[in-house]
**Q** 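Please read through the structure below; I'll follow up with questions.
Quick note on labels: first sequence line is chain A, next is B, and so on, each numbered from 1.
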There are 2 protein chains.
Amino acid sequence: MRQALLCLTLTLSAAAQNREAVFAEFTDFLKIPNVAADPADLRRNADWIRSALARRAVPSKLLELPGAVPAVYAELLNPSATETVLFYAHYDGQPVDPKKWQESAPFEPSLRGARFTDPDARLYARAAADDKAPIMAMLAALDALRQAKLTPTINLKFLFEGEEESGSRNLGRILAAYPAEASANFWLICDGPVHQSRRMQLYFGARGVTAFNLTVYGPIRELHSGHYGNWAPNPAMLLARLLASMKDDEGNVTIQGYYDSVEPLSETEIAALKAVPPIDSDLLRQFQLARPEASPRLLSEAINQPSLNIRGLASAATGPASANVVPARAEASIDLRLVKGNDPAAMFSLVKEHIRAQGFYLVEDREPTETERLTYPKLASIQNREPGYRAVRTSMDLPASQQVIANLKTIYPELVLVPTLGGSVPLAIIEDAVHVPLIGVPIVNHDNNQHSHNENLRLQNLWDGIETFKALFLLR
Amino acid sequence: MRQALLCLTLTLSAAAQNREAVFAEFTDFLKIPNVAADPADLRRNADWIRSALARRAVPSKLLELPGAVPAVYAELLNPSATETVLFYAHYDGQPVDPKKWQESAPFEPSLRGARFTDPDARLYARAAADDKAPIMAMLAALDALRQAKLTPTINLKFLFEGEEESGSRNLGRILAAYPAEASANFWLICDGPVHQSRRMQLYFGARGVTAFNLTVYGPIRELHSGHYGNWAPNPAMLLARLLASMKDDEGNVTIQGYYDSVEPLSETEIAALKAVPPIDSDLLRQFQLARPEASPRLLSEAINQPSLNIRGLASAATGPASANVVPARAEASIDLRLVKGNDPAAMFSLVKEHIRAQGFYLVEDREPTETERLTYPKLASIQNREPGYRAVRTSMDLPASQQVIANLKTIYPELVLVPTLGGSVPLAIIEDAVHVPLIGVPIVNHDNNQHSHNENLRLQNLWDGIETFKALFLLR
C-alpha cells in the first residue's frame with residue numbers, strides 16, 4: 001500500500017504536466033454531437049473512443065445488435081490478476097435546445113474561468129459532465145499509469161453504452177448477447193455527480209422510478225363559470241382534493257402500504273448516512289427555500305424513502321390567459337421515486353387503489369366513454385405510464401464494497417458513502433443481466449446542469465477523476 | 001288589455017310577412033365587425049344603428065366622451081305617457097379568432113337550417129346573439145307597431161353601448177355626463193339568454209364577479225425529482241392542499257364567513273325559483289355529467305349562492321412533455337361569482353384571510369423576494385386581480401317588476417322568472433348611475449356559443465323577440 005501511495009504522488013505532477021493535452025483531447029471528443037435523434041453521430045462518438053483506446057494500445061470492439069446503438073467494449077488483462085472489474089460509462093447525451101444555451105453552443109465546447117488550470121474553471125458542452133467526463137478521465141488515467149510505468153493490478157474491462165439517455169432500452173439485450181464481455185467480479189458505474197459538498201463519493205445504489213399522467217374529468221366541454229360555476233363539478237378542484245389526499249402536511253405519503261415494502265437500511269448504511277457532510281442548509285439557501293418538505297429531515301434520509309412527486313399540473317388556463325370557465329379536465333403528472341424493496345408495478349397499484357378508495361372510477365390508457373361520464377361522478381384516467389425500473393442497493397458490507405472503499409480512502413480520507421443516489425441510473429437492467437455487485441463511482445460536479453442547457457464540467461473534477469481511476473486501476 | 005291582445009294577433013301575421021326584410025337588414029348589420037380592437041369599426045356600427053333608426057323616423061345621437069366608444073341614444077316620446085322606460089343593449093362583440101370558426105367567418109353571416117323560416121334555423125356570426133339580436137328585434141318591433149298603426153303607450157328610450165365586452169369601462173362616466181338621457185322609471189336590460197328550456201324569461205339581477213391568480217412557490221428553479229423529490233417542498237402539492245381546503249366534498253365553500261353576507265331570497269323569489277322548469281337532468285346529459293357538484297342541488301338554487309371556481313391550473317408540464325422535476329411554482333386562476341349582499345372586495349379579503357390561516361405568507365401584485373422565500377415555508381402571491389363588480393338584484397315585488405311580468409305573461413303564460421342570471425352583466429355600474437329598477441329581458445337562445453367561435457342566433461328567438469318588444473312598447 002505504501003508503495004502505491006508513493007507512485008501516486010510521483011505521477012500526480014506528471015499528470016499536471018499533461019493537463020493541456022487531456023484538455024485538448026476532451027474538447028475534441030465533446031465536439032461530436034451525441035443525441036439519440038442522430039444514430040450516425042452516436043457511431044462517430046463510438047469510433048472516436050475506439051481510436052482513443054487504440055492510441056493507448058488498448059484493443060476494442062463494438063457490441064452490436066440489430067436496432068441498437070452499439071456499445072464500445074475494451075479490456076486490458078493482467079495475466080497475474082485474480083480480479084476483473086468492469087468500468088461502465090455512457091457516451092450518448094440528452095437532447096439539446098441550442099436556443100437556450102448561453103455559455104456555448106452545445107457542441108462547441110467553451111471554457112469559462114481565467115484558465116483551464118483554475119480549479120473552478122468550467123467547460124461548457126453537452127455531455128461535458130454526463131457522461132463523457134469519466135470516459136476521458138479513464139483514458140487519461142491509462143496514460144498516467146503508463147508514464148509511471150505501472151501495470152493495472154486487476155483485469156480492466158470497459159463498457160461504454162450509447163443509449164443510456166434513451167432509458168438503456170437495449171442494454172439488457174446487449175449484455176445477454178455478450179456474456180463473456182459482461183462478466184466481472186463487480187461493476188463500477190461511472191456516472192452521476194460527486195457529493196454536493198464537492199467531496200468524492202461512492203454510491204451503492206440508486207432510486208428506482210415510475211411515472212404516469214393522471215387526468216380528472218369534468219363537463220365534456222368548458223362551461224361558463226357564471227352560468228354553471230358552483231353547479232357543474234370542477235375537475236381542477238376534484239384533482240386538488242385527490243392530490244391533497246395523497247400526502248399529509250409533513251410530506252409523508254398517506255397511501256395505504258406505501259412504506260411497507262421498504263427494505264430497512266443496514267447498520268453500516270445508517271452509519272454511512274450519519275457521516276454524510278451536512279449540506280442541507282447550503283442547499284436550502286441555494287434553492288431559496290425556508291425549510292425542507294418535512295422538517296426536520298435530512299436530504300440523505302429523504303432519498304432513502306419512496307417519494308410521490310407532482311411533476312406538473314394543467315387545467316384550462318391561468319394568468320392573463322385565463323377565461324371564465326369551469327374547465328373540462330385537469331391533469332397532474334406524477335412520479336414515484338422508489339427505494340430498495342419497492343416493486344414499481346406494485347407501488348403504482350397502491351396509488352391506483354388509493355385513487356379508487358377516494359371514490360374515483362379509473363380508466364387506463366384511454367379517455368372515458370360517454371356512458372362512464374354519465375355514470376361516475378368522480379372519473380379519472382391514467383395515461384402516459386412510464387413503467388420505469390426498481391431501485392438497486394448493493395450492500396456496503398460486501399468484500400467488493402469494502403475493497404473499493406478502502407482503496408479510495410487512501411486518496412480521499414473524507415470519502416462520502418451513500419446507500420442510494422437520488423437520480424435514477426439503470427442499475428436494475430445491469431443487475432438483472434450480470435448478478436454481481438454494482439458500485440457507483442461518480443466524478444463530476446453536482447452543479448453541472450445535467451439534462452439541461454449550459455451543461456458543464458468543473459475542471460478540477462476532471463483532474464480528480466483521473467486520480468480516482470488511477471487508484472482504482474491499481475486496486476488491491 | 002283585451003284590445004292590445006287583439007292588435008298583437010293582427011300584427012303577428014304582418015310581422016311574418018316582413019321576416020325576409022328583417023333577415024336581410026340583420027345580415028347587413030352583422031357584416032360590420034365590432035371588436036374592441038378596432039374603434040373605427042365600432043363607430044361604423046353606431047352609424048348603422050343611427051341610419052336604421054332614421055329610416056324609422058326615430059332621431060338619435062351619440063353619447064360621446066373623450067377616450068370612450070360612443071353609445072347610441074334615441075327616444076320616442078309619447079306626450080300622453082306617464083312612464084319612461086329605457087331599453088339597454090350593446091352593439092360591440094367579443095374578440096374573434098377566425099381560424100376557429102367552422103360555420104361561417106365571424107363577419108360573414110351564414111344561415112344553417114333548411115330556410116330561415118325554419119324555427120330552429122340558426123344564423124352564425126359574431127354578435128348574432130350577443131348582443132345585436134335585441135337591437136334588431138327592437139327595430140323590427142317599431143316597424144310592426146307602425147304597420148299596426150299603434151303608438152307606444154310609454155316614453156321609449158334606447159341606449160346601445162359600445163364597450164360592454166370591454167367591461168363597460170366608460171358607461172358610468174357616460175351616464176353621469178348625460179343624466180337627462182339616462183333618466184327613466186326603470187331600465188330593461190336586453191342582453192343575455194332566455195331559459196335553457198327555450199321558454200321566455202325575465203331576470204331581476206345577475207351574479208357579480210371578482211377574479212385573481214394565485215401562485216404558490218417552491219424552489220427558485222425546477223429541481224431534479226430524483227435528487228430532491230420528497231425533500232424540496234413541492235409547490236403543486238402545496239397548492240393542491242390549499243385549494244382543497246377551500247371547499248368540502250359537497251362543493252360548499254369552507255372559507256370562514258363566505259355565506260354570511262348573502263342577502264336571503266324573498267318569498268316571491270323563492271316561489272319564482274320553485275316554478276323554474278326543471279332542466280338539470282337535460283343539462284347533465286348534455287354536459288356528460290353524472291351529478292352536479294353538490295347533489296341534490298338545482299342549478300337555479302346554486303346560482304343564488306356565491307361560488308368559488310378554479311378557472312385553471314398550471315405548474316411545469318404534464319403529459320408527454322412532462323419532465324422529472326420538482327416544479328418551481330404552481331398557479332391557479334380563481335373566480336368568485338357573487339350574489340346580492342356580497343361585496344367583491346370583502347369576499348376577496350375573506351379568501352386572503354383563509355389563505356393566511358392555512359399558514360401562507362401572501363404577497364400581492366409581485367413576486368416574493370429572496371428574503372421572503374428564505375423566511376416563509378408556505379409562500380403565495382396574488383396577481384392579475386380583476387376587481388369585478390357586485391351582484392345586483394331588483395325585487396320582484398316592485399310595481400315596475402309586477403308590471404313587466406304581467407305584460408309579458410299575456411303572450412308568454414309560462415314566462416320564467418329568475419332572481420339572478422348566472423352570467424355577469426354590468427348591472428352594478430348602471431344601478432350606481434341611475435338608481436332605478438333594472439329588469440333583464442333576454443331574447444336569444446342559451447346555446448348561442450356566446451363569447452366563443454361559431455356564435456349563433458336561433459331565428460325563432462329573433463321572431464319571438466320582436467313580439468316581446470312589441471308587447472313592452474305597449475306596456476300599461
**Q** Which one wins on heavy-atom pair count under 4.5 Å against chain B: Gly218(A), Ser315(A), Ala236(A), Ala302(A)?
**A** Ser315(A)
**Q** Tell me, side chain or backbone of Arg207(A) under 4.5 Å from chain B's heavy atoms, or both, or neither?
**A** side chain
**Q** Under a 4.5 Å heavy-atom cut-off, does chain B meet the side chain of Ala317(A), its backbone, both or neither?
**A** backbone
**Q** Check whether Asn213(B) gets within reach of chain A through its side chain, its backbone, both or neither, counting any heavy atom under 4.5 Å.
**A** side chain
**Q** Check each atom of Glu370(B) against the heavy atoms of chain A and say whether the ones under 4.5 Å are side chain, backbone, both or neither.
**A** both
**Q** For chain A, which of Val253(B), Asp280(B), Ile334(B) has the most heavy-atom pairs under 4.5 Å?
**A** Asp280(B)
**Q** Can you say whether Thr375(A) sits under 4.5 Å from chain B via the side chain, the backbone, both, or neither, judging by heavy atoms?
**A** backbone
**Q** When heavy-atom pairs shorter than 4.5 Å are enumerated against chain B, which of Pro306(A), Gly359(A), Gly319(A) gives the highest number?
**A** Gly319(A)
**Q** If you round to the nearest 0.5 Å, how far is NZ of Lys247(B) from OH of Tyr258(B)?
**A** 8.0 Å
**Q** Between atom OG of Ser307(B) and atom CD of Glu293(B), what is the distance when rounded to the nearest 0.5 Å?
**A** 8.5 Å
**Q** Non-hydrogen atoms of chain A under 4.5 Å away: do they reach the side chain of Arg337(B), the backbone, both or neither?
**A** side chain
**Q** Which atoms of Leu242(A) come close to chain B, meaning under 4.5 Å heavy atom to heavy atom: side chain ones, backbone ones, both, or neither?
**A** neither
**Q** Given that the side chain runs from C-beta out, which part of Leu223(B) has a heavy atom under 4.5 Å from chain A: side chain, backbone, both or neither?
**A** side chain
**Q** At a heavy-atom distance under 4.5 Å, which candidate from Trp231(A), Tyr228(A), Tyr217(A), Phe287(A) has the highest pair count against chain B?
**A** Trp231(A)
**Q** Identify which part of Leu299(B) has an atom lying under 4.5 Å from any heavy atom of chain A, answering side chain, backbone, both or neither.
**A** both
**Q** Salt bridge between Glu250(B) and Arg297(B), side-chain N to carboxylate O under 4.0 Å?
**A** no
**Q** Output the option from Met246(B), His224(B), Gln288(B), Arg373(B) having the highest count of non-hydrogen pairs under 4.5 Å with chain A.
**A** Gln288(B)
**Q** Can a side-chain donor-acceptor contact be found between Thr420(B) and Asn304(B) if the only test is distance below 3.5 angstrom?
**A** yes
**Q** For the OG atom of Ser245(A) and the NE2 atom of His354(A), what is their distance to the nearest 0.5 Å?
**A** 3.0 Å
**Q** So which of Leu313(A), Ile303(A), Leu421(A) has the biggest tally of heavy-atom pairs under 4.5 Å with chain B?
**A** Leu313(A)
**Q** For Ala314(B), is it the side chain, the backbone, both, or neither that has a heavy atom closer than 4.5 Å to a heavy atom of chain A?
**A** both
**Q** Does any donor atom in the side chain of Thr210(B) or Arg385(B) lie under 3.5 Å from an acceptor atom in the other side chain?
**A** yes
**Q** Using distance alone, with no hydrogens and no angle criterion, decide if Asn234(B) and Asn309(A) have a side-chain donor and acceptor under 3.5 Å apart.
**A** yes
**Q** Say you draw a straight line from OG of Ser452(A) to CZ of Arg221(B); how long is it, rounded to the nearest 0.5 Å?
**A** 8.5 Å
**Q** The test is side chain to side chain contact (heavy atoms under 4.5 Å, CB included); show your working for Glu164(A) and Asp191(A) and say whether it passes.
**A** CA-CA 10 Å; Glu164(A) 199 272 347; Asp191(A) 194 7; 3.8 Å; yes
**Q** Can you tell me which of Leu243(B), Val325(B), Leu238(B) forms the most heavy-atom pairs within a distance under 4.5 Å of chain A?
**A** Val325(B)
**Q** Can you tell me which portion of Pro193(B) sits under 4.5 Å from chain A's heavy atoms? Options are side chain, backbone, both or neither.
**A** side chain
**Q** Using only atom types and a distance under 3.5 Å, with no angle test, would you say the side chain of His227(B) pairs donor to acceptor with the backbone of Gly423(A)?
**A** yes
**Q** With a 4.5 angstrom heavy-atom cut-off, which part of Asn252(B) approaches chain A: side chain, backbone, both or neither?
**A** neither
**Q** Answer with side chain, backbone, both or neither: which region of Gln196(A) has an atom nearer than 4.5 Å to a non-hydrogen atom of chain B?
**A** side chain
**Q** So, taking the atom named OG1 in Thr215(A) and the one named CG in Leu239(A), what distance separates them when rounded to the nearest 0.5 Å?
**A** 8.5 Å
**Q** I'd like to know which of Thr371(B), Asn324(B), Leu284(B) tops the heavy-atom pair count under 4.5 Å against chain A.
**A** Asn324(B)
**Q** Among Ala330(B), Ser333(B), Pro233(B), single out the residue with the greatest number of heavy-atom pairs under 4.5 Å to chain A.
**A** Pro233(B)
**Q** Is the shortest distance from a Lys or Arg side-chain nitrogen in Glu372(B) or Arg366(B) to a carboxylate oxygen in the other one below 4.0 Å?
**A** yes
**Q** Does any heavy atom of chain B fall under 4.5 Å from the side chain of Pro235(A), the backbone, both, or neither of them?
**A** neither
**Q** Any salt bridge linking Arg241(B) with Asp249(A)? Criterion: basic side-chain nitrogen under 4.0 Å from a carboxylate oxygen.
**A** yes
**Q** Given a strict heavy-atom distance threshold of 4.5 Å, which part of Asn384(A) is in contact with chain B: side chain, backbone, both, or neither?
**A** side chain
**Q** Report which part of Gln305(A) has an atom under 4.5 Å of a heavy atom belonging to chain B: side chain, backbone, both, or neither.
**A** both
**Q** Would Asp335(A) and Ser225(B) count as having a side-chain donor-acceptor pair, cut-off 3.5 Å?
**A** yes
**Q** Could you have a look at Gly251(B), Pro320(B), Ala316(B) and say which one has the most heavy-atom pairs with chain A under 4.5 angstrom?
**A** Pro320(B)
**Q** Report which part of Ala323(A) has an atom under 4.5 Å of a heavy atom belonging to chain B: side chain, backbone, both, or neither.
**A** backbone
**Q** Given a strict heavy-atom distance threshold of 4.5 Å, which part of Glu331(A) is in contact with chain B: side chain, backbone, both, or neither?
**A** both
**Q** Is the Tyr376(B) to Phe360(B) ring centre distance short of 6.0 Å?
**A** no
**Q** Sort Arg311(A) into side chain, backbone, both or neither according to what part of it lies under 4.5 angstrom from a heavy atom of chain B.
**A** both
**Q** With a 4.5 angstrom heavy-atom cut-off, which part of Ala328(B) approaches chain A: side chain, backbone, both or neither?
**A** neither
**Q** Any donor-acceptor pair under 3.5 Å linking the side-chain atoms of Gln383(A) with those of Glu367(A)?
**A** yes
**Q** Any chance you could measure Leu298(B), atom CG, to Leu283(B), atom CG, to the nearest 0.5 Å?
**A** 11.0 Å
